[in-house]
Enquirer: 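Before I ask anything, let me first share the structure, which is written out below as structure tokens.
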Number of protein chains: 2
Amino acid sequence: MALNALKTSKIPRSDAVYFGLRRAIIEQALMPGDKMTEDVIGDRFGVSRTIVRTALARLHAEGLVDLQPNKGAAIAQPSLSEAHDIFEARMCLERQVLTRLAAKVTDRDIALLEKHIALERKASPADGPASIRLAGEFHILLADLSGNTVLARFVDEVVSRCSLILALYGRPHSSDCSLTEHEQIIEALRQRDGAGAVASMDHHLHAVTERALLSSTADRHRDIRSILDHYAK
Amino acid sequence: MALNALKTSKIPRSDAVYFGLRRAIIEQALMPGDKMTEDVIGDRFGVSRTIVRTALARLHAEGLVDLQPNKGAAIAQPSLSEAHDIFEARMCLERQVLTRLAAKVTDRDIALLEKHIALERKASPADGPASIRLAGEFHILLADLSGNTVLARFVDEVVSRCSLILALYGRPHSSDCSLTEHEQIIEALRQRDGAGAVASMDHHLHAVTERALLSSTADRHRDIRSILDHYAK
DNA sequence: TTCCACCATCTTGCATGCATTTCGATCTCG
DNA sequence: CGAGATCGAAATGCATGCAAGATGGTGGAA
């Protein structure tokens with residue numbers, strides 16, 4: 001009785017759908033623009049449309065899914081302008097995370113970060129999807145360790161949305177070099193060097209931004225909306 | 001044809017419930033801890049539980065509502081620790097907003113801000129609820145004018161959650177002095193003085209924080225039904 | 001051929017019904 | 001008298017059904 005009171009935390013079935021879809025989006029199994037029909041998702045997950053609808057609404061609130069009334073859901077396609085907004089917010093939030101973290105980081109925190117880096121290093125060469133996810137989760141781990149749950153939630157959101165931006169505008173294998181940048185951040189934290197950590201993060205995020213947005217002008221598939229913006233007026 | 005394409009944006013009925021409840025929470029008509037029964041809300045707004053559930057989930061995602069499985073929804077009661085996290089995130093976000101805004105603010109923006117201040121000034125003396133809401137909306141307006149939609153969304157959330165903190169820990173009539181502080185911020189913006197605007201905002205938010213975390217009020221017994229009659233339409 | 005209207009089909013918006021769980025009051029027993 | 005068991009009312013979790021809106025293709029008229 002007293003024991004299973006701990007495991008009696010019934011979790012809603014919509015959570016399973018939410019996390020499943022979220023991972024599919026972040027690992028770029030589902031690509032921006034892909035249509036998400038309630039029936040299809042419900043069949044795959046073995047739940048009714050009611051549940052799917054709840055999960056989609058949640059993803060919509062996070063900006064991962066576009067939701068138009070009477071027309072259904074699709075994976076969000078951030079415009080270049082939105083992409084810029086997301087990167088700016090991300091920079092602002094992650095600076096705060098590192099400033100805060102440098103002042104309170106423990107050896108155990110460092111160990112957790114090292115452990116994560118090891119995972120990144122292992123997954124990096126071959127496994128594309130996992131590599132993308134792990135690179136993002138490094139930043140989410142930093143935010144968690146900062147101890148500020150609000151910052152952590154916001155970082156989680158902007159990092160997730162960055163996956164969409166990468167999928168839309170980025171070039172394929174661009175996450176390798178971020179590994180050493182992550183190591184630089186940890187090194188600065190190990191020395192409780194807040195300014196250094198922020199500087200490393202600035203450098204890292206600028207690099208990510210450039211990698212993500214510079215290739216967009218050249219080739220690959222481009223955003224129709226930003227193209228039309230140019231001709232509409 | 002081409003004209004009504006603009007007005008053919010059917011809005012879901014859950015939006016009405018969402019915004020109604022949100023306003024009731026922000027204006028402190030509904031207080032932290034108040035139980036929110038789906039049937040009761042549905043009756044007041046004239047919709048089914050399905051719709052109410054959607055609105056509650058959205059409020060939960062924003063941290064305004066606590067949602068426990070099988071136990072229902074209640075207005076969130078941020079802990080002091082959460083309150084601190086929220087203020088820290090808010091400070092970080094609003095600094096960015098002002099830095100950005102000072103660099104691009106137009107005379108039209110200034111005019112909008114002045115107009116809002118006029119509203120605040122008018123509502124301040126008597127109307128408690130509206131005064132609370134307007135003080136928050138000043139900050140949301142700043143974020144909107146910054147042009148960064150992501151920052152704007154985040155600011156919206158933290159400002160809303162600050163209402164809960166004020167309701168829980170703040171003292172009743174504390175929003176008057178914030179008016180002159182808002183004016184200081186506008187003045188700094190008018191001179192395109194980013195550093196000055198940030199300094200004013202720092203001072204303002206520190207003041208708000210201090211005002212917020214002083215005393216707790218005795219709560220009386222209130223009826224959710226009669227309150228919702230006022231917000232249902 | 002091109003454009004428009006119309007219809008079949010698919011999909012979403014929403015209410016309702018049923019099963020399950022929670023909560024509180026009464027009852028029972030020590 | 002008090003602590004725990006028990007039962008009923010109430011609230012939630014979820015699936016399903018139906019109406020309304022969107023999509024895409026066909027046929028007719030200019």
Side-chain angles (χ1 to χ4, degrees), chain A residues 1-21 30 33-61 64-77 224, chain B residues 1-21 30 33-61 64-77 221-225 227-228 232-233:
Chain A
M1 285 296 221
L3 277 175
N4 65 8
L6 289 174
K7 65 185 298 188
T8 314
S9 54
K10 278 277 175 86
I11 54 170
R13 296 182 78 74
S14 69
D15 282 10
V17 180
Y18 165 76
F19 286 113
L21 290 177
L30 295 173
D34 283 354
K35 187 78 196 304
M36 309 173 83
T37 306
E38 294 176 358
D39 274 329
V40 174
I41 299 172
D43 285 347
R44 297 293 148 184
F45 284 89
V47 298
S48 80
R49 291 197 299 121
T50 307
I51 304 301
V52 176
R53 176 177 286 269
T54 302
L56 288 176
R58 199 165 155 193
L59 291 166
H60 173 66
L64 291 180
V65 157
D66 240 6
L67 207 50
Q68 281 182 313
N70 280 319
K71 295 191 60 179
I75 311 291
Q77 294 175 295
I224 295 183
Chain B
M1 295 279 233
L3 277 175
N4 66 7
L6 289 175
K7 66 187 296 187
T8 313
S9 54
K10 275 278 177 84
I11 54 171
R13 295 182 77 73
S14 70
D15 282 11
V17 181
Y18 165 76
F19 286 113
L21 290 176
L30 295 174
D34 282 355
K35 186 79 197 304
M36 308 174 82
T37 306
E38 296 176 357
D39 275 328
V40 173
I41 299 172
D43 284 348
R44 296 294 142 178
F45 283 90
V47 299
S48 80
R49 291 198 299 120
T50 307
I51 303 302
V52 175
R53 179 176 284 268
T54 302
L56 288 176
R58 198 165 156 193
L59 291 166
H60 174 66
L64 291 180
V65 157
D66 240 5
L67 207 50
Q68 281 182 316
N70 280 317
K71 297 189 60 176
I75 311 291
Q77 295 175 295
H221 190 269
R222 289 161 307 112
D223 179 27
I224 294 184
R225 283 162 229 257
I227 294 170
L228 287 185
K233 198 185 67 80

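Just so we're on the same page: letters track the sequence lines, and every chain starts at 1. Every heavy atom of this structure was used, including side-chain atoms; hydrogens, water molecules and symmetry mates were not.
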Enquirer: Is B:Lys71 near enough to C:dC23 that one of its side-chain N or O atoms lies under 4.0 angstrom from OP1 or OP2?
Expert: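 Affirmative; the distance criterion is met.
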Enquirer: Whole-Å distance between D:dA10 P and B:Met36 CE?
Expert: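 Taking CE of B:Met36 and P of D:dA10, I get 21 Å after rounding.
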Enquirer: Of the candidate nucleotides C:dC18, C:dG13, D:dA11, which contains the atom at the shortest distance from the side chain of A:Glu38?
Expert: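 Of the candidates, C:dG13 comes closest.
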Enquirer: Using whole Å, what does the distance between atom P of nucleotide C:dC10 and atom CZ of A:Arg49 come to?
Expert: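 After rounding, the gap between these two atoms is 14 Å.
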Enquirer: Return the nearest nucleotide to the side chain of B:Asn70; candidates are C:dT12, C:dC18, C:dT22.
Expert: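 Among the listed nucleotides, the one closest to the side chain of B:Asn70 is C:dT22.
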Enquirer: Rounded to whole angstrom units, what separation is found between the OH atom of B:Tyr18 and the C1' atom of C:dC14?
Expert: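 Roughly 21 Å, once rounded to whole Å.
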Enquirer: Measure the distance from CG on A:Asp39 to P on C:dT12 and round it to the nearest whole Å.
Expert: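 Value for this atom pair: 7 Å.
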Enquirer: I want to check one thing: is the phosphate of D:dG13, taken as OP1 and OP2, less than 4.0 Å away from some side-chain N or O of B:Arg53?
Expert: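 Answer yes for this pair, as a side-chain N or O of B:Arg53 is under 4.0 Å from OP1 or OP2.
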Enquirer: Heavy-atom count around A:Arg13 CZ within 6.0 Å, excluding the residue itself: above 12?
Expert: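 At most 12 heavy atoms, drawn from other residues, nucleotides or ligands, come within 6.0 Å of this atom.
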Enquirer: Check if the side chain of A:Thr50 and the base of D:dA15 share a donor-acceptor pair of N or O atoms closer than 3.5 Å.
Expert: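 For A:Thr50, whose side chain was compared with the base of D:dA15, there is a donor-acceptor pair (under 3.5 Å).
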Enquirer: Roughly how many Å is it from CD in A:Gln68 to P in D:dG21, rounded to a whole number?
Expert: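 Result: 17 Å.
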Enquirer: Once you apply a heavy-atom cut-off of 4.0 Å, does B:Arg13 come out as touching a base, just sugar-phosphate, or nothing?
Expert: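 Sugar-phosphate, backbone atoms only, no base.
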Enquirer: Rounded off to whole Å, could you give me the CZ-to-C1' distance for the A:Phe45 and D:dA15 pair?
Expert: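 In whole Å, D:dA15 C1' and A:Phe45 CZ are 18 Å from each other.
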Enquirer: Looking at B:Thr50, is its backbone amide N or carbonyl O close enough to the side chain of B:Ser48 to form a donor-acceptor pair, meaning the two atoms are under 3.5 Å apart?
Expert: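 Judged by distance alone, yes, a pair lies under 3.5 Å.
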Enquirer: Test side-chain contact (heavy atoms from CB on, under 4.5 Å) on B:Asp15 and B:Arg58 and set out the steps.
Expert: CA-CA 10 Å; B:Asp15 282 11; B:Arg58 198 165 156 193; 3.1 Å; yes
Enquirer: Can you tell me which nucleotide in D:dC14, D:dA15, D:dA11 comes closest to the side chain of A:Val47?
Expert: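 From the listed options, D:dA15 comes nearest.
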Enquirer: Out of A:Val52, A:Val40, A:Val17, which one pairs with A:Phe45 under the side-chain contact (heavy atoms from CB on, under 4.5 Å) rule?
Expert: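 Output: one option passes, namely A:Val17.
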Enquirer: Mind calculating the distance between NZ (A:Lys35) and P (C:dT11) to the nearest angstrom?
Expert: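 To the nearest whole Å, that distance equals 7 Å.
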Enquirer: To the closest 0.5 Å, what do you measure between CZ (A:Arg53) and NE2 (A:His60)?
Expert: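 The CZ atom of A:Arg53 sits 12.0 Å away from the NE2 atom of A:His60.
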Enquirer: Could you give the CG-to-P distance, from B:Asp15 to C:dC14, as a whole number of Å?
Expert: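 That distance rounds to 9 Å.
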